[in-house]
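What follows is a short report on a single structure.
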Amino acid sequence: MSAATAPTAAAGTARPALRHRLAERGVDRMLLLILPGALAIVALFCYPFLYGLQLSFQPAKGGALGAYHQFFTEPFARKSIWATFSLATPATVINVGVSVPISYRMRREFRGKRLLLALLVVPITLGTVLTAEGILEFYGPAGWFNRTLHALGLTSSPMHLTMNYTGVLLSLIISGFPFAYLLTHSYLSGIHPSLEKAASTLGADWWKRFRYITFPLLLPGLMTTFCLTFVMSFAVFPSAMMVGDPDGKTHVISIEAYESALQRFDYAQGCADAMIMTVLMLVVIAVVTGLRSRMYSGATGGKG
């Protein structure tokens, strides 16, 4: 090789610029668009979470795990775990379960579909506080529901549907169903209708088509919907305070954390209660996600 061709060969074997190497891995200027969102997550979630976690290991007495020990040794605080699960689990199962047949029917066009869709999703715009206020006005002892039953002669005394477990469950169903429905409907939209049409030409009725084709493809997405809906229900606080029995059957973990931090001013205990609540939610999500990973999740797997 001559001296003239040596620089050319050296230039041909030189490594590409760093900017080009990063671009090959998907790292370019467009990635900067996620910077505002990342900063918001750090400021609004990561930092408060880490600060609360650190504070939970700094109780006034009992050592580093004193606040956690206090929670599990106090019967009333420990029962809040059962109270939370007894509300979140049935509310999630009802919301997800009811959303499936409604979403399945709403896939087709029919008269009044837009109006019905609006009625289904309106509660998600109200918020838990306004929903709780509505439940008090409608289902309370002097509400429209009890007055209607009394006018029809169906009952002689008001039905107690508020300030108890029933009131909180109603609030979680009303506020959580639109969220579960919208997710389920999006997953159902990802299942191509030609699959059911092919089964129909082979003689399968609607139940067999749903059981053997639609539901198995929908199930992975349905479990994701279960996780997200469960998190919303598990973090119940306003409805448990407003239409429940916060000192009794609806004394959930969020109320226990609130009372510890803002009524007894024991911030370490309040943070420990919140961390316990977070761990319980993550355990449920991990179990459901583990089951979901074993299922089919291909191109027609209800991905939406």
Side-chain angles (χ1 to χ4, degrees), residues 52 56 59 62 66-97 123 126-147 149-150 155-177 229-284:
S56 68
Y68 295 93
H69 182 266
Q70 175 69 20
F71 178 88
F72 287 106
T73 54
E74 185 178 342
F76 188 66
R78 190 171 61 248
K79 288 181 181 179
S80 64
I81 297 177
W82 167 251
T84 309
F85 275 102
S86 65
L87 282 168
T89 304
T92 303
V93 171
I94 292 173
N95 285 333
V96 176
L126 301 179
T128 54
V129 175
L130 192 57
T131 300
E133 288 286 352
I135 290 176
L136 288 174
E137 293 293 333
F138 189 82
Y139 292 106
W144 298 346
F145 182 76
N146 277 301
R147 283 187 290 178
L149 293 180
H150 182 72
T155 179
S156 58
S157 59
M159 296 181 63
H160 298 284
L161 300 176
T162 58
M163 313 311 294
N164 53 21
Y165 174 90
T166 305
V168 182
L169 184 62
L170 284 173
S171 177
L172 292 177
I173 293 174
I174 293 173
S175 60
F177 171 76
T229 308
F230 179 82
V231 169
M232 292 181 60
S233 300
F234 199 82
V236 55
F237 179 78
S239 57
M241 292 287 290
M242 298 177 65
V243 297
D245 180 18
D247 295 325
K249 292 185 178 180
T250 63
H251 185 79
V252 293
I253 305 178
S254 58
I255 294 180
E256 178 66 23
Y258 166 79
E259 292 180 349
S260 297
L262 300 180
Q263 291 186 0
R264 298 191 293 268
F265 299 102
D266 189 349
Y267 297 109
Q269 185 64 53
C271 291
D273 298 343
M275 293 302 124
I276 293 171
M277 180 178 175
T278 301
V279 170
L280 293 175
M281 282 193 296
L282 292 177
V283 168
V284 174

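Note that the structure is a prediction, hence the values are computed from the model and not measured. Note that these values count all heavy atoms, side chains included, but never hydrogens, waters or copies made by symmetry.
Residues L280 and F85 have side chains in contact (heavy-atom distance under 4.5 Å, counting atoms from C-beta outward). Between M241 and I255, some side-chain heavy-atom pair lies under the 4.5 Å cut-off.
The ring-ring contact (aromatic ring centres under 6.0 Å, His included) analysis of residues 253-277, with sequence neighbours excluded, yields the pairs F237-Y258. Among residues at least two apart or in separate chains, side chain to side chain donor-acceptor pair (under 3.5 Å) pairs with a member in residues 73-92 are Q70-E74.
K249 NZ to T166 OG1: the interatomic distance, rounded to the nearest 0.5 Å, is 9.0 Å. Rounding to the nearest 0.5 angstrom, the gap separating the OH atom in Y165 from the CG atom in L170 is 10.0 Å. Between atom CG of residue L87 and atom OG of residue S239 there is a gap of 8.0 Å, rounded to the nearest 0.5 Å. The line from CD1 of I276 to CZ of F71 is 4.5 Å long, rounded to the nearest 0.5 Å.
With N95 contributing its side chain and A91 its backbone, the two residues share a donor-acceptor pair below 3.5 Å. A donor-acceptor pair under 3.5 Å is formed between the side chain of T250 and the backbone N or O of D245.
Y68 and S56 get closest at one heavy-atom pair: OH-OG, 2.8 Å. Residues P246 and G244 approach most closely at CD-O, 3.4 Å, considering heavy atoms. Minimum heavy-atom separation, A67 to A268: CB-O, 3.9 Å. Taking every heavy atom of both residues into account, S171 and S175 meet most closely at O-OG, 2.8 Å.
Residues passing the side-chain contact (heavy atoms from CB on, under 4.5 Å) test with A274, sequence neighbours excluded: none. Under the side-chain hydrogen bond (donor to acceptor under 3.5 Å, both in side chains) criterion, E259 pairs with no residue, sequence neighbours left out. S260 is linked by a side-chain contact (heavy atoms from CB on, under 4.5 Å) to E256, R264, Q269, D273, counting only residues two or more places apart in sequence or in another chain.
Exactly one residue among L169, I253, L172 makes a side-chain contact (heavy atoms from CB on, under 4.5 Å) with V236. That residue is L172.
For M159, the CE atom sits in a loose shell: 12 or fewer heavy atoms of surrounding residues, nucleotides or ligands are nearer than 6.0 Å.
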Would you list the atom pairs, donor with acceptor, under 3.5 Å between side chains in residues 128-141 and any protein atom, with sequence neighbours excluded?
{"residue": "T131", "atom": "OG1", "partner": "G127", "partner atom": "O", "Å": "2.7"}

